[in-house]
Amino acid sequence: MTKFTSPPDREYFNRLVWGIVNQVPEGKVTTYGFIAGLIPPPPGMETSDYRAWGARWVGGAMAACPAGVPWQRVIGAQGKISLRPGSGGIRQREMLEAEGIYFDERGKINLDTYGWNGPGEEWLRAHGLIIQDDMTGVS
DNA sequence: TCCTTGACTCAGA
DNA sequence: CTCTGAGCCAAGG
């Protein structure tokens, strides 16, 4: 429940994160960094810093994630589950496998196969967001 | 008040 | 491929 460095407006940021995660379809996964990339960085913050911090803020939002949000579809940029074993990591893997997602022998998910492409421009516009060219890459 | 501890990512070794 | 350290902040013990 501990919070990491918080974004300027944590509640607003969290709502945005949850709204985005709700768009991830069953059988697909996305990463903390990718979600952060769909949200504009705070004024004056370097994109490189935001790439790392934003991801942690997304993690913080997930820790406070309300019921109904498919939190299990958010994984680390390396394609691995970020939740520590014993804190639900096993459950997360089972939930994803139940959705048809395959983990390789090293416990990783192939993002080229299961990675989500994003909510689409229309959705982003409807929520006052825009695609950031320098952060949309999944790789 | 001090110290630990985070649902992260990337660059190096 | 695996393992570290840096980046840099706030809540709880």
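As the structure is a computational prediction, the values presented were derived from the model and not from experiment. So that the names make sense, note that chain A is the first sequence line, chain B the second, and so on, each numbered from 1.
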Margin query: Testing the basics here: between A:Ile75 and A:Gln92, what is the closest heavy-atom pair and its distance to 0.1 Å?
Written below: CG2-NE2, 4.1 Å

Strictly under 3.5 Å: I want the nitrogen or oxygen pairs between protein and nucleotides 5-7 of chain C, one per line.
unit_1	atom_1	unit_2	atom_2	d
C:dG7	O6	A:Arg56	NH1	3.3
C:dG7	N1	A:Arg56	NH1	3.1

Checklist line | Length of the CZ-C1' vector between A:Arg51 and C:dC8, whole Å | finding: 19 Å

Checklist line | Results of ring-ring contact (aromatic ring centres under 6.0 Å, His included) for A:Phe13 - residues two or more places apart only | finding: A:Trp57

Notebook entry, point to check: If you check the A:Arg106 side chain, which of C:dC1, B:dT9, B:dA7 turns out closest?
Noted result: C:dC1

Notebook entry, point to check: Taking atom C1' of B:dC8 as reference, at what distance in whole Å does atom CD of A:Gln92 sit?
Noted result: 14 Å

Check: Between A:Lys108 (NZ) and C:dC1 (C1'), how many Å, whole number?
Finding: 8 Å

Checklist line | Set of residues satisfying side chain to side chain donor-acceptor pair (under 3.5 Å) with respect to A:Glu11, sequence neighbours excluded | finding: none

Note to self: Rounding to an integer number of Å, can you tell me how far A:Ile75 CD1 sits from B:dT9 P?
What the structure shows: 9 Å

Item checked: Atom P, compared across B:dT4 and C:dG5: separation rounded to whole Å -> 15 Å

Note to self: Restricting to non-hydrogen atoms, name the atom on A:Trp123 and the atom on A:Gly19 that form the minimum distance, rounded to 0.1 Å.
What the structure shows: CZ2-O, 3.6 Å

Check: Between B:dT9 and C:dA11, how far is it from one C1' atom to the other, in whole Å?
Finding: 23 Å

Check: Taking side chain as C-beta onward, heavy atoms only, is A:Leu83 less than 4.5 Å from A:Met62?
Finding: no

Next item on the list: Starting from C1' on B:dC8, measure out to OH on A:Tyr32 and report it in whole angstrom.
Entry: 8 Å

Next item on the list: Check the distance between C:dC1's C1' and A:Glu105's CD and give it to me in whole angstrom.
Entry: 12 Å

Next item on the list: May I have the distance from A:Arg10 (atom CZ) to B:dG6 (atom C1'), rounded to whole angstrom?
Entry: 12 Å

Checklist line | Nearest-Å distance for atom pair CH2/P, residues A:Trp57 and C:dC9 | finding: 10 Å

Note to self: Looking at every heavy atom in both A:Gly76 and A:Thr31, which two are closest together, and how far apart are they?
What the structure shows: O-CG2, 3.6 Å

Margin query: Using atom P in both nucleotides, what's the gap between C:dT4 and B:dT5 to the nearest angstrom?
Written below: 16 Å

Notebook entry, point to check: Can you find a side chain N or O atom of A:Gln78 that sits less than 4.0 Å from OP1 or OP2 on B:dC10?
Noted result: yes

Checklist line | Atom pair CD1 (A:Ile35) and CD (A:Gln23), whose distance is rounded to the nearest 0.5 Å | finding: 11.0 Å

